[in-house]
Protein chains: 2
Amino acid sequence: MAAETPRPRAKRRDPEAARTIRDVAARAGVSTATVSRVVNGNYPVAASTRAAVERAMRELGYVANAHARALAGSTTRVVGIVVNEIVDPFFAYIARGVQAEAVASGRLCLVCSTQGDQAAELKFVDLLLEQRADAVILVGGAVEDKEYFAAVDHRARQLGASGSSLVLCGRPGLASDAPAYAVEYDNTGGAAAITDHLLNAGHTRILYLGGPTALSTTTARLRGFEQALRARGHELDPALVRTGAFGRQFGYEQTLRAIDEGLDFTAIFAANDIVAAGVYVALRERGRSVPADVSVVGYDDVPVASELQPALTTVRVPLEELGRAAVRAGLSGLEKNADPFAHQRPVTTLGTVVVVRDSVAPPPR
Amino acid sequence: MAAETPRPRAKRRDPEAARTIRDVAARAGVSTATVSRVVNGNYPVAASTRAAVERAMRELGYVANAHARALAGSTTRVVGIVVNEIVDPFFAYIARGVQAEAVASGRLCLVCSTQGDQAAELKFVDLLLEQRADAVILVGGAVEDKEYFAAVDHRARQLGASGSSLVLCGRPGLASDAPAYAVEYDNTGGAAAITDHLLNAGHTRILYLGGPTALSTTTARLRGFEQALRARGHELDPALVRTGAFGRQFGYEQTLRAIDEGLDFTAIFAANDIVAAGVYVALRERGRSVPADVSVVGYDDVPVASELQPALTTVRVPLEELGRAAVRAGLSGLEKNADPFAHQRPVTTLGTVVVVRDSVAPPPR
DNA sequence: CTGAAAGCGCTAACAG
DNA sequence: CTGTTAGCGCTTTCAG
């Protein structure tokens, strides 16, 4: 009756191919379940058995297959993050936090960089959805577009339905009941605080430079600027607000233009440190010194801020912590503690602080 | 006899859970094989059938499961990259290239950052091995350690055995027959070229600063420096070589020390741009101007180089292309063209070029 | 052009 | 403490 033997697996496909849990089990003379147990160490196994299995694994050079594991188990041990540009320090620091926290939770990190392509962002989320990432984190400025919102909203629901979750990082949350977390920082407050710093030094003619024209996350900075002005009884002079791109080039050109137009101002609020770097160059070119002739402040506190000469007074955004918090939020639903009362708040807001360096002084005369 | 029906799947676990290919098949009234075919579009399917399936997928909100796909198929559509520090522009640009090329090949990119922890590097490679990444790219300086080499060598073999491959990026290849690719750039040549530039300007007392003490990739820069000197009949003065850390701090401190010791030099070769940034600060502090009093050159041409004042003359390393080339190399074995003669060379070396900016002038007097 | 069925490698009940 | 046995969701022969 030997011929009746089930013989479920016919032949090993490739003798060179990776060993499987079954090979290990056979070699150690145990069942695959036992091997699984020692691999995962989440179940009691006799010491001697464990030793035999470990030995077999070593001898065979066994490497677990994460996909089989993901398929059979429930979690994939992968988190995904989508950023605009990985070489931009703003995103890089957030990514670093995400990476670190992911690793701390025993996960790997799938990083997607859109290079500013809005469509790519959504496509990456879809891919991450296919990967069944335990959490997907979307970083950075969203455009205020109906259709876009609907698309994100939909993805949030899909993720939620598959036990994962969407985390909006550094941007406002969804204004719907879609299952998504938001991890932001106090953009408006930071902007107001540093504007206050300028006001305290005696400046009232402050030129605001940078940031997108369209309504978006970072407009919050402009809002903070305006609030601080108003709170001290000053009006926002439209001539002193120039929004547009976010780069060094923009800061450079606008500063040049402002000077050449004879615009009256004694300080510049750059919407981020990179813009401020451009401002510095233009100022130097026109022979204006910082901070004697004009004071400058930035935002973000990325490395350039302390490299500029004189070092830039700016708003420190807890970028790395932002990334960590995003992972924690995204994973909060998966953790075993599953205490429904200790529930993660859908929106986390981190504080910002003004870092005073050398680029602000009282206005000349 | 209805009771005899096999009924292979008993119950849907969770009505809210993600739809599977089977749900789609049922809804479209076709077999799962057919659904698979339309999803992959790699097999003829009647137009009407295809339409029905696509409709069913849409209605069900079907999202393929990448893990099931990886398990059943052969490729995972994921490449892994291990770097020291993702916020460091040197690595960030390489990662960007890797990401871009991975996406271009229809893959996602798993990014691991070790924060300089050598042990973590190997651990990440193991994790990537578990992920069955189609290629794993190891970036950056390796230490010259026997045991470490053996470990890398072993991983290379494991990857090779599982149809994947290891790519050493920006570091020398394995000196063994292990299946690994190396994608480097001409470190020595670049260093020699920029040293020549200094020599041509009339400098002979050049202080070399930075780079690791231990033999490692970047020692190649020191080697190039020496070669260029020799080629012009100069000896390498040991007093003018200070190796050690790689950061701004190191550049700053060593420059200060050199000046305070009264060391005789008219130019500084910083082992990378970051070190050069530190050099600038120290020079300014001691009232030495660049390039009037001392000329400075760097290496890598990361953004700081052009931000420094005066802009830094440096060696441009094709960082992003390095990343792209690494992915191409790593994937070369998988591509269908599998032409055994058009075989990827195990070692690719990219050229470097000197970028002349404003930090070099003839020596004073 | 389409369907049936056998797995891919692993985990998780469910018995012992 | 350990083994049996279903699947997880998809791809891929092998037959029509």
Side-chain angles (χ1 to χ4, degrees), chain A residues 5-14 17-26 28-53 57 60 62-77 129-132 162-163, chain B residues 5-14 17-26 28-53 57 60 62-77 129-132 162-163:
Chain A
T5 302
R7 202 173 59 99
R9 297 305 185 270
K11 58 200 170 222
R12 288 225 56 82
R13 316 118 300 156
D14 180 358
R19 304 283 99 88
T20 77
I21 202 177
R22 198 152 16 230
D23 300 322
V24 177
V30 300
S31 72
T32 61
T34 299
V35 175
S36 174
R37 285 169 190 136
V38 350
V39 169
N40 294 294
N42 52 5
Y43 217 82
V45 172
S48 62
T49 312
R50 171 189 312 285
V53 172
M57 293 201 297
L60 256 26
Y62 171 73
V63 177
N65 182 317
H67 301 290
R69 210 190 302 234
L71 192 55
S74 49
T75 159
T76 57
R77 311 257 97 196
L129 214 37
E130 292 194 355
Q131 294 290 332
R132 298 296 190 269
S162 69
Chain B
T5 302
R7 202 172 61 97
R9 298 304 185 272
K11 58 202 170 219
R12 288 225 57 80
R13 319 117 300 156
D14 179 357
R19 304 282 99 89
T20 77
I21 202 177
R22 195 147 23 225
D23 300 322
V24 176
V30 300
S31 73
T32 61
T34 301
V35 176
S36 174
R37 285 169 190 137
V38 351
V39 168
N40 293 294
N42 51 5
Y43 215 81
V45 173
S48 61
T49 313
R50 171 189 311 284
V53 170
M57 294 200 296
L60 257 25
Y62 171 73
V63 177
N65 182 318
H67 301 290
R69 188 138 39 184
L71 192 55
S74 49
T75 159
T76 58
R77 311 257 96 197
L129 214 37
E130 292 193 356
Q131 293 291 332
R132 299 293 189 271
S162 70

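So that the names make sense, note that chain A is the first sequence line, chain B the second, and so on, each numbered from 1.
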Please list, chain by chain and in numerical order, all residues satisfying side chain to side chain contact (heavy atoms under 4.5 Å, CB included) with [X], sequence neighbours excluded.
| X | answer |
| --- | --- |
| B:Ala64 | A:Glu130, B:Tyr62, B:Arg69 |
| A:Ala46 | A:Ser48, A:Thr49 |
| B:Ala26 | none |

When you measure from the side-chain N and O atoms of [X] to the phosphate of [N], is any distance below 4.0 Å, counting only OP1 and OP2?
| X | N | answer |
| --- | --- | --- |
| B:Asn40 | D:dT11 | yes |
| B:Ser36 | D:dC10 | no |
| A:Arg69 | C:dT11 | yes |

Please list each protein N or O that sits under 3.5 Å from an N or O in nucleotides 1-5 of chain D, with the distance.
residue	atom	partner	partner atom	Å
D:dT2	OP1	A:Thr49	OG1	2.2
D:dT2	OP2	A:Ala46	N	2.7
D:dG3	OP2	A:Ser31	N	3.0
D:dG3	OP2	A:Ser31	OG	3.3
D:dG3	OP2	A:Thr34	OG1	2.6
D:dG3	N7	A:Arg37	NH1	3.1
D:dG3	O6	A:Arg37	NH2	2.4

Length of the [atom1]-[atom2] vector between [X] and [N], whole Å:
| X | N | atom1 | atom2 | value |
| --- | --- | --- | --- | --- |
| B:Gln131 | C:dG9 | CD | P | 16 Å |
| B:Leu60 | D:dG9 | CG | P | 13 Å |
| B:Arg77 | D:dG9 | CZ | C1' | 18 Å |
| A:Arg132 | D:dC8 | CZ | C1' | 11 Å |
| A:Asn65 | D:dG9 | CG | C1' | 14 Å |
| A:His67 | D:dC10 | NE2 | C1' | 13 Å |
| A:Asn42 | C:dA12 | CG | C1' | 10 Å |
| B:Leu71 | D:dG7 | CG | P | 17 Å |

Exercise. Taking side chain as C-beta onward, heavy atoms only, is A:Thr34 less than 4.5 Å from A:Ser31?
Worked result: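 They are in contact (side-chain heavy atoms under 4.5 Å apart), so the answer is yes.
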
Problem set entry | pair B:Arg132-A:Val63: side-chain heavy atoms closer than 4.5 Å |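 B:Arg132 reaches A:Val63 side chain to side chain.
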
For this session: Would you mind classifying the nucleic acid contact of B:Ala64 as base, sugar-phosphate or nothing, using non-hydrogen atoms under 4.0 angstrom?
Result: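 Answer is sugar-phosphate: B:Ala64 comes under 4.0 Å of backbone atoms only.
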
Problem set entry | side-chain hydrogen bond (donor to acceptor under 3.5 Å, both in side chains) against A:Arg37, all qualifying residues, sequence neighbours excluded |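 Result, side-chain hydrogen bond (donor to acceptor under 3.5 Å, both in side chains) vs A:Arg37: none returned.
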
For this session: Return the set of residues passing side-chain hydrogen bond (donor to acceptor under 3.5 Å, both in side chains) with A:Thr32 (not counting sequence neighbours), or none when no residue passes.
Result: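 A:Thr32 satisfies side-chain hydrogen bond (donor to acceptor under 3.5 Å, both in side chains) with no other residue.
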
Problem set entry | Range-with-range stems of DNA chain D (Watson-Crick or G-U pairs under 3.5 Å, three or more in a row) |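 Listed by first number, the stems are C:1-16 with D:1-16.
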
Problem set entry | Pair A:Thr20-A:Asn65, side-chain contact (heavy atoms from CB on, under 4.5 Å): steps then yes or no | CA-CA 8 Å; A:Thr20 77; A:Asn65 182 317; over 6 Å; no

Problem set entry | Distance in Å, B:Leu129 CG paired with B:Ser162 OG, rounded so as to fall on 0.5 Å steps |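 Here the rounded value is 5.5 Å.
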
